[in-house]
Amino acid sequence: MQRTFTMFPITSLKIWKVQSRTSPHTTSRCFTSGISASLSPPPLPTTPTTPITTTQPSRLETLLSNARLTHMAHDAWSQILRPGDTVVDATSGNGHDTLFLAKAIGPSGQIYAFDLQQTAIESTISTIEQGLSPESRPKMHYVAQCHRNLQHIVGTHTARLVAFNLGYLPGGDKNVITRQTSTLAAIEASFEVLHPGGLLSILAYTGHEGGPEEFSAVAALLEQLPPKYWVSTQVKVLNRPTAPVLLLAWKK
């Protein structure tokens with residue numbers, strides 16, 4: 001009868017080192033094919049580490065940490081604007097707010113950008129052209145007229161948002177400012193331009209001559225709005241006396 005033997009490579013053999021039962025200081029060896037090695041104790045289980053997570057700041061924390069009411073105004077606008085809306089930037093200035101509005105309403109919407117200064121209209125056009133491709137822009141109406149005429153141009157109950165920045169053109173002539181008389185007339189026109197559910201947003205700067213008086217007159221006008229049809233509010237940074245004041249009026 002023929003016998004068959006299987007040979008195993010030395011590297012596959014297990015060599016054990018065990019503790020003697022009689023003495024903790026002596027060891028005996030178990031030999032296999034004359035090769036020996038030590039048996040290491042099994043590794044201790046490791047405690048899983050909890051991944052470090054960072055908490056993102058809330059929207060309110062972000063707004064308050066910047067303490068910029070322009071950001072708060074933009075945040076309020078974002079809550080009501082929808083693609084396809086009609087909006088009015090009553091003081092387009094350098095076009096930064098206009099660009100924000102254009103992105104919010106998309107190519108199916110339309111914007112009326114008012115400014116009495118031709119240089120401001122040109123800056124707004126440049127900002128829009130640099131910030132949005134032609135196919136991404138809403139229908140743009142650039143109006144180099146006083147905003148007191150906005151109802152005649154925009155129509156009645158047509159806009160979801162009318163936004164004002166009261167003061168002077170940043171980087172422009174500081175002697176050219178919004179005036180109380182024309183501002184009040186434009187705001188009263190805005191009451192008719194907004195459709196129900198629309199928002200009137202006014203950021204009033206008070207650090208220039210005539211600014212505090214203009215703000216007080218505007219605030220008094222909004223305070224008189226009938227609560228049955230309007231909700232008006234004021235946001236102010238109390239410990240920054242030169243900061244602008246944000247006035248909002250929502251049409252029910």
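Computed from a predicted structure; not experimentally measured.
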Do [X] and [Y] have side-chain atoms, one donor and one acceptor, less than 3.5 Å apart?
| X | Y | result |
| --- | --- | --- |
| Thr178 | Glu214 | yes |
| Thr91 | Asn165 | no |
| Ser126 | Gln130 | yes |
| Thr86 | Gln110 | yes |

For this session: Quick one: do Leu222 and Ile202 satisfy side chain to side chain contact (heavy atoms under 4.5 Å, CB included)? Show the steps, please.
Result: CA-CA 11 Å; Leu222 297 188; Ile202 305 166; 4.2 Å; yes
Is a side-chain donor or acceptor of [X] paired with a backbone partner of [Y] at a separation under 3.5 angstrom?
| X | Y | result |
| --- | --- | --- |
| Lys252 | Pro227 | yes |
| His147 | Ala186 | no |
| Ser216 | Glu213 | no |

Problem set entry | Audit row: Tyr205, Leu69, side chain to side chain contact (heavy atoms under 4.5 Å, CB included) steps and yes/no | CA-CA 11 Å; Tyr205 290 83; Leu69 293 184; over 6 Å; no
For this session: Anything under 30° is parallel, anything over 60° is perpendicular, the rest tilted; go ahead and classify Phe100 against His74.
Result: parallel
Seminar exercise, completed: Between Thr156 and the options His195, Gln151, Glu192, the side-chain hydrogen bond (donor to acceptor under 3.5 Å, both in side chains) test singles out Gln151
Exercise. Taking side chain as C-beta onward, heavy atoms only, is Ile111 less than 4.5 Å from Tyr142?
Worked result: no
For this session: Give the cluster check for Val162 versus Leu101: same hydrophobic cluster or not, with ILVMFWY residues linked at side-chain heavy-atom distances below 4.5 Å.
Result: no
